[in-house]
Amino acid sequence: MPNNYFNTLPLREQLEQLAKCRFMDISEFPEGVEALKGKKMVVIGCGAQGLAQGMNLRDSGCDVSYTLRQAAIDEKRQSWKNATENGFTVGTYEELIPTADVVLNLTPDKQHTAVVKAIMPLMKQDACLSYSHGFNIVEEGMKIREDLTVIMVAPKCPGSEVRNEYVRGFGVPTLIAVHEDNDPKGEGLALAKAYAVGTGGHKAGVLMSSFIAEVKSDLMGEQTILCGMLQTGSLLCFDKMVEEGVDAGYASKLVQFGWETVTEALKYGGVTNMLDRLSNPAKIKCFDLSEELKQIMRPLYNKHQDDIINGTFSRTMMEDWANDDVNLLGWRAETAETAFEKTPAGDVEISEQEFFDNGILMVAMVKAGVELAFETMTAAGIIADSAYYESLHETPLIANTIARKKLYEMNATISDTAEYGCYLYNHACLPLLADFMKDIKTDVIGRGLNVEDNGVDNGRLIEVNEALRSHPVEAIGSVLRGHMADMKKIV
Amino acid sequence: MTHCSTIRLDNLAVNFDDRFQLTDINWQIEPQQHWVITGTNGAGKSALAAILAGVINNGAECLSGTVEGLPARVGLVSFEAQAALIDAELKKDDADIMDVISEGTPVREILYEDCQDTELAEQLIEKFGLELLLDRSFRKLSTGESRKVMLIRALASKPDLLVLDEPFDGLDTKTLGMLQQHLATLIDTVPMVMVLNRFDEFPDFITDIAYVEKGTLQHQVRRDDARAYAELYQLLHLKTTDLTIPTADSENAIPSLDPEQPLVRLNNITIKYDEKKVISDLNWTINPNQHWQLSGPNGSGKTGLLSLITGDHPQCYVNDIFVFGFKRGSGESIWQIKQFIGYVSTALQWEYRVGTSIRNVIISGFYDSIGLYSKSTDAQKGIADQWLALLGMANRADQPFNKLSYGDQRLLLIARAMVKHPPLLILDEPCLGLDGMNRQLVLALIEKICAGSETSVIYVNHHPEDQIKGIDNYLAL
């Protein structure tokens, strides 16, 4: 088993690395792609993310080609087609890696060790190796040759959006980092910045972080609030509605599109705005439910964060990799067989407001998940900015995938590590919430509150509003959304 | 009570002295309707009005078709009729071979020549302030005064149909108000057809609008059809205003190009998908100030070819392409290429699904972006507002783009493409999917662009009727 890099560091350095994250201003990119001019960039892997980044970089004036394994070329696999049809030079590792000044490793995490071992001996002296996820370095402890510069450039969106936003003249928020153990010439940051410019990321906002902060926060966010909570919530809410006699087609639709609708409100104005969409009695009810949920689930969030920080999570997952993904594939099949997954959304009209009014429990779950993930991450030493991006900010992106094709689409879109973590969370969380769900009725999921009027106690409403607005995720959220609004689409 | 029955013009073609023809006129005027005929100068508005006044067999020749239901008594006011009267008066003068000064026919005589309602005539004479002019010679009146005489003559003749060709021209504000008030009292008695150029002069009682262009009746719009009415307004606005294209943004000018170099040079171009060649071995050079029309059947690769030029087609990197001084694939970015190009296509419109304001859509042309992601300057806002005024959308600058009609969106995207005065403007079937009126709007705008600027145009279209003046190079795929 490989050595966990994070665990080799002294605590002081662990904390320093975890706390790295700074939102960069667009004025910090005056050099554009200059640092990459005249350099040969070779991309390993030509899936959606690899193709999108390569096309953007080429359109920004960079010299980009693709390297694939011999078999992928011989069999003319999809990755080979993607690259050749788009007019890129394609060659084997042996042909292209020795010519590369920058190698972009855009293969799935699971392949990193094998890929990096294969290419490292072929790489030019003093070249640069770039990742878009730090798992291989941080969790697997991959040692990179000392003369090589190691950077990370991670667009925080799926490949299709990375390309589409670039074509429109914009970009997607992007995280960059330099692996300080591998920055022999001190040029890592300049290369990472130029790369972010080449993909258009600088227009949408760049976060300067560290490999460690990226990995530890990314893993935590994706397996708890982003994927795990939405999966568990989908199953529980759907089954409860059906059990209580709500039409299955309606229940399926309310859940499938509900996450997207309520988290859209989250995207614009945080947890506060999401709850402000509810009537006053519903808001108070939702707040109480989420407080209860937080109390029940806090140990689970702590456990996930602890396992991520101390390396238990990555170790068990890598054991499954070594065991032909038995767990992952079994869980994936299990998800496909759930009643929610198998019941198509009914042909019923649900208005935007109705998703809130009849989905109070779903709103409570999102609130509880976002706040718990944020609280747990910051308690573990991750800076609030990172914690915000890996919890609240990305929730609507994942919710969109469920709206498209339910849990199957979500799990197909996210990374293998996210999918594995999501199932772990789901298996622990379902039994944890069993008692809680016994008391749940259709007033909070499926039919909406049955109240005579919308009257509430003033004192209680003030308390609830105060609690919502003073949560630390709201404070950092308003700052970061402010930054984003400056750079983002003027819409 | 009106004495007018339905007037029907069916498939009518009329020859006016071999100078002008009206063709394909199909028009029905119901007794309760009041029409405005509108259109550009020389479109045939007055000719159409003249048909209602009985010009056929009385100066014009019917080539084909029929006119039914024309009433016997038509009150006509027009410059032509006025000119004819004055002409007749002058002839009388010429005919006088004796050495005496001819006074000509006095106004009183002209006024009462055809009068059916003396009381009304006297009232109107007083209202229009003509009492002191009654004994003067008609031909000595000013244009405005003789216009008033014509009006009174027509109104007092108890007509079954009033045909008023630009009746408000040359009237002072006070008289104009009086006339409009008087006309409003007639709406239940006599149907009216007016030729008017300015929308703001359309009286409230008008029920229908006929739009004439190139000698045919092209659009008939009901006043209460708000959308069609607004489109017609825009069309007329574009056609009749003395359009000047707003200037480019002088603070952020496009770099100048070497005038000796071609804008585009494509050398032995091939586009292939799955080994299937859509275009092979094509050469094309576009020099500055050339306008091109590109045609070809569906699937012949027109859009693919254009996107090699714009840089949107990934195979631009595996072809020998020289654009705006750059050899493609030599380290240039697509934004360096796009700054020289304005581009409009149906696909662009599909992609342009953003909730931004229509002003921002125009400004986005300075940045070649879909949506606006940069802080625009005051100068750019000012230019965008000039474009909006030109399009007749000045009062809608802050409306969201995605809520506009398809035709309005297309017009805005053309303005977006033009806003920076690009050296090359690519219009890929700019009229596709547009109805007749919007099509004309678009063509009117493009003609203005082709006529007076430094821009070379590549125009792709299928429809022979959508020709654009000034395009004289052709490439067929």
Side-chain angles (χ1 to χ4, degrees), chain A residues 26-27 32-34 36-41 46 51-52 54-66 76 78 80-90 163-173 194 197-205 268 484-491, chain B residues 270-276 304 307-308 310-319 321 326-339 343 347-348 350-357 359-361 363-376 380-381 398 400-402 416:
Chain A
I26 194 158
S27 65
V33 295
E34 206 48 49
L36 290 168
K37 273 283 164 79
K39 296 214 156 93
K40 197 164 171 50
M41 303 181 83
C46 195
L51 181 63
M55 289 179 86
N56 291 1
L57 287 162
R58 179 174 65 177
D59 279 345
S60 296
C62 299
D63 175 355
V64 179
S65 48
Y66 284 82
K76 299 192 171 179
Q78 192 57 45
W80 179 85
K81 277 192 196 153
N82 287 347
T84 47
E85 283 195 352
N86 284 295
F88 287 103
T89 303
V90 179
R163 179 60 184 163
N164 288 341
E165 289 294 331
Y166 181 89
V167 169
R168 308 175 92 186
F170 195 49
V172 304
V197 170
T199 56
H202 66 304
K203 294 182 183 168
Y268 279 99
M484 296 286 290
D486 280 348
M487 315 182 89
K488 237 193 114 169
K489 351 190 150 192
I490 304 171
V491 287
Chain B
T270 300
I271 299 179
K272 61 179 179 182
Y273 305 106
D274 274 336
E275 296 305 306
K276 182 174 174 286
S307 52
L308 284 183
T310 60
D312 291 320
H313 198 302
Q315 291 178 28
C316 65
Y317 292 101
V318 288
N319 276 296
I321 296 172
F326 294 102
K327 167 105 176 66
R328 286 314 316 268
S330 63
E332 76 296 343
S333 85
I334 49 163
W335 309 110
Q336 285 174 298
I337 305 295
K338 284 178 188 279
Q339 65 179 334
Y343 180 70
L348 173 72
W350 287 337
E351 282 158 29
Y352 214 114
R353 285 167 311 189
V354 290
T356 191
S357 73
R359 183 193 283 117
N360 281 351
V361 168
I363 295 174
S364 72
F366 289 115
Y367 300 95
D368 308 306
S369 58
I370 292 180
L372 184 58
Y373 311 105
S374 310
K375 286 223 164 64
S376 50
Q380 289 169 338
K381 284 189 190 117
D398 296 315
F401 177 72
N402 55 5
R416 169 188 176 272

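All chains are named by letter (A, B, ...) in the order of the sequence lines, taking the proteins before the strands, and each is independently numbered beginning at 1.
- Residue A:Lys81 places its NZ atom among 12 or fewer non-hydrogen atoms of other residues, nucleotides or ligands, all under 6.0 Å distant.
- Remark: A:Glu85 CD to B:Lys272 NZ distance equals 10.0 Å, nearest 0.5 Å.
- Contacts of A:Asp63 with chain B are absent, with no heavy-atom separation under 4.5 Å from either backbone or side chain.
- Across A:Gly87 and B:Val318, no two heavy atoms sit closer than the pair O-CG1, 3.4 Å.
- Nearest heavy atom pair, residue B:Ser369 against residue A:Gly169, reads CB-CA, 4.1 Å.
- By the 4.5 Å heavy-atom criterion applied to side chains, A:Asp59 and B:Tyr317 are counted as neighbours.
- When all heavy atoms of B:Glu351 and A:Arg168 are compared, the pair lying nearest together is O-NH2, 4.2 Å.
- The distance from atom OH of A:Tyr166 to atom CH2 of B:Trp335, rounded to the nearest 0.5 Å, is 6.0 Å.
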